[in-house]
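Throughout, protein chains are lettered first and strands after them, A, B, ... in sequence-line order, and every chain is numbered starting at 1. Here the structure is a predicted model, which means the values were calculated and not measured.
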2 protein chains.
Amino acid sequence: MGEGLRERTRRAVRAEIAEVAIGLFVRQGFDNTTVEDIAQAAGMTKRSFFRYFATKEDVVFDGVDLTGEKVVADIAARPAEEGPWECLQHVLGAWQEEIHASEQVLATLRLIEATPALVGRLHQRRTEWRRRVSDALQGRPGVDIDAYTADLLTNAATAVLDAVSSEWVRSDGKAKRSALLEQGFRQLHVDPNLRQA
Amino acid sequence: MGEGLRERTRRAVRAEIAEVAIGLFVRQGFDNTTVEDIAQAAGMTKRSFFRYFATKEDVVFDGVDLTGEKVVADIAARPAEEGPWECLQHVLGAWQEEIHASEQVLATLRLIEATPALVGRLHQRRTEWRRRVSDALQGRPGVDIDAYTADLLTNAATAVLDAVSSEWVRSDGKAKRSALLEQGFRQLHVDPNLRQA
DNA sequence: CTGGTATCTGTCACTCGGTGACACTATAGA
DNA sequence: TCTATAGTGTCACCGAGTGACAGATACCAG
């Protein structure tokens with residue numbers, strides 16, 4: 001019907017692997033957990049695990065890393081008279097709202113912060129994504145900005161995002177992320193006149 | 001005399017490994033080059049390679065990644081009446097000046113940008129280093145800022161650094177990094193009143 | 001219901017990054 | 001010259017990830 005049972009089961013299996021794996025990671029550490037441990041706990045082979053996730057790290061970002069296409073699309077959809085910085089603030093603010101502040105997410109973020117390999121992988125993905133955001137920012141109708149400025153603002157926006165995430169974890173999930181984000185974007189005031197030689 | 005011949009030869013060997021390795025990486029790609037390739041080209045065993053570099057990635061950052069202790073020390077040494085943002089600008093500007101704009105550095109940066117694994121490793125190191133910078137910023141006598149603001153400014157400063165690096169590579173090393181850095185720090189104007197509930 | 005086809009799975013074998021242990025050699029320093 | 005120390009090769013090993021093959025399973029036609 002409409003969208004296939006196979007895909008549904010596949011996503012269900014993915015979700016269960018992720019849940020089992022993160023449980024193991026939190027309990028005994030990322031490095032002390034082998035893929036075979038995960039596969040066995042999920043009732044499958046090591047080979048089958050890699051048919052659902054390309055790397056051992058990716059299983060962690062399954063529920064978080066929605067570094068979405070939607071953000072890129074939303075940027076293009078913002079009104080043309082809006083400045084690039086406000087555009088980023090609105091789009092990323094809306095994106096952040098969608099990540100529900102569950103205990104699961106908090107545990108995952110803690111796990112990432114405590115595991116260098118995961119930090120690396122996260123920023124690796126972020127970098128690819130950032131390039132697309134920067135391009136979207138440049139391609140926006142109305143204002144035209146050079147590549148350097150687009151990169152600068154995009155990097156700065158993710159800098160705010162990272163700081164918000166850190167502070168949120170530091171407060172055990174009690175801080176209001178939207179307030180932190182707004183504060184961060186306000187403190188990094190962007191000079192409106194983007195003139196240059 | 002005074003500082004040992006052994007250390008000198010060790011550093012020389014390190015440098016030669018790095019040179020040989022980067023040459024291979026540039027010619028045939030990072031992923032298509034095995035550690036045994038490097039070791040053989042440098043006249044040693046795989047095992048000996050790992051006695052000089054902890055990972056295959058680290059060999060690339062040998063000449064670049066001086067994410068130094070000096071930066072952290074310099075932050076503490078800045079005059080107390082200086083704001084945190086200006087402090088970061090001065091220290092990182094001085095740090096950046098020390099990286100001579102050689103063709104070798106340019107090729108290395110290109111290599112990093114083209115290789116996801118290297119991007120990940122770079123940001124992984126950056127993250128550890130950033131934590132220390134943020135702590136140094138908080139520990140500065142005179143002004144006291146909260147952890148969130150310190151993280152925010154530190155992240156933003158590295159955001160500028162990354163944008164400068166990208167633009168510099170994009171211009172084939174012809175752009176003036178100091179000018180870009182100054183422009184970046186100026187455009188991200190930090191609100192001087194850091195008041196909060 | 002039946003057959004064909006695409007998909008999922010386990011098994012095996014393999015590559016590559018990285019590590020521990022051991023024996024051997026060269027060197028620094030008394 | 002003798003001894004402690006550091007560097008080296010060899011070997012065996014682990015874990016992440018991949019390619020190939022064969023068997024099972026589910027979808028969809030007729």
Does B/T45 have a side-chain nitrogen or oxygen under 4.0 Å from the phosphate oxygens OP1 or OP2 of D/dT8?
-> no
Check whether any side-chain N or O of B/T34 sits under 4.0 Å from OP1 or OP2 of C/dC16, and answer yes or no.
->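 No, B/T34 has no side-chain N/O under 4.0 Å of OP1/OP2 on C/dC16.
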Within a radius of less than 6.0 Å around CZ of A/R10, do more than 12 heavy atoms belonging to other residues, nucleotides or ligands occur?
->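 Atom CZ in A/R10 is crowded, with more than 12 foreign heavy atoms closer than 6.0 Å.
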What does [X] touch in the nucleic acid at a heavy-atom separation under 4.0 angstrom: a base, only the sugar-phosphate, or nothing?
| X | answer |
| --- | --- |
| A/F49 | nothing |
| B/R10 | sugar-phosphate |
| B/T9 | nothing |

Could you tell me the separation between the [atom1] atom of [X] and the [atom2] atom of [N], rounded to a whole number of Å?
| X | N | atom1 | atom2 | result |
| --- | --- | --- | --- | --- |
| A/Q40 | D/dA16 | CD | P | 14 Å |
| A/N32 | C/dT19 | CG | C1' | 15 Å |
| B/D37 | C/dG17 | CG | P | 8 Å |
| A/F50 | D/dA16 | CZ | P | 7 Å |
| B/K46 | C/dG17 | NZ | C1' | 7 Å |
| B/F53 | C/dC16 | CZ | C1' | 19 Å |

So, A/D151 and A/T154: side-chain donor and acceptor under 3.5 Å apart, yes or no?
->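 A/D151 vs A/T154: no donor-acceptor pair found between side chains.
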Between A/T45 (side chain) and A/S48 (backbone), is there a donor-acceptor pair under 3.5 Å?
->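 No.
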If you check the A/R47 side chain, which of D/dG19, D/dG9, C/dG17 turns out closest?
->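 Closest nucleotide to the A/R47 side chain: D/dG19.
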Determine, for B/R125 against B/D58, whether the closest basic-nitrogen to carboxylate-oxygen distance falls under 4.0 angstrom.
-> yes
Quick one: do A/K56 and A/D31 make a salt bridge, cutoff under 4.0 Å?
-> no
Side chain of A/R51, base of D/dG17: donor and acceptor closer than 3.5 Å?
->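 Donor-acceptor pair under 3.5 Å: no.
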Taking atom types as they are modelled, is there a donor-acceptor pair under 3.5 Å from the base of C/dG18 to the side chain of B/K56?
->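 Not at all, since no donor on one side and acceptor on the other fall under 3.5 Å apart.
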Residue pair A/Y52/B/E57 against DNA chain C: nearer the 5' end by closest nucleotide is A/Y52
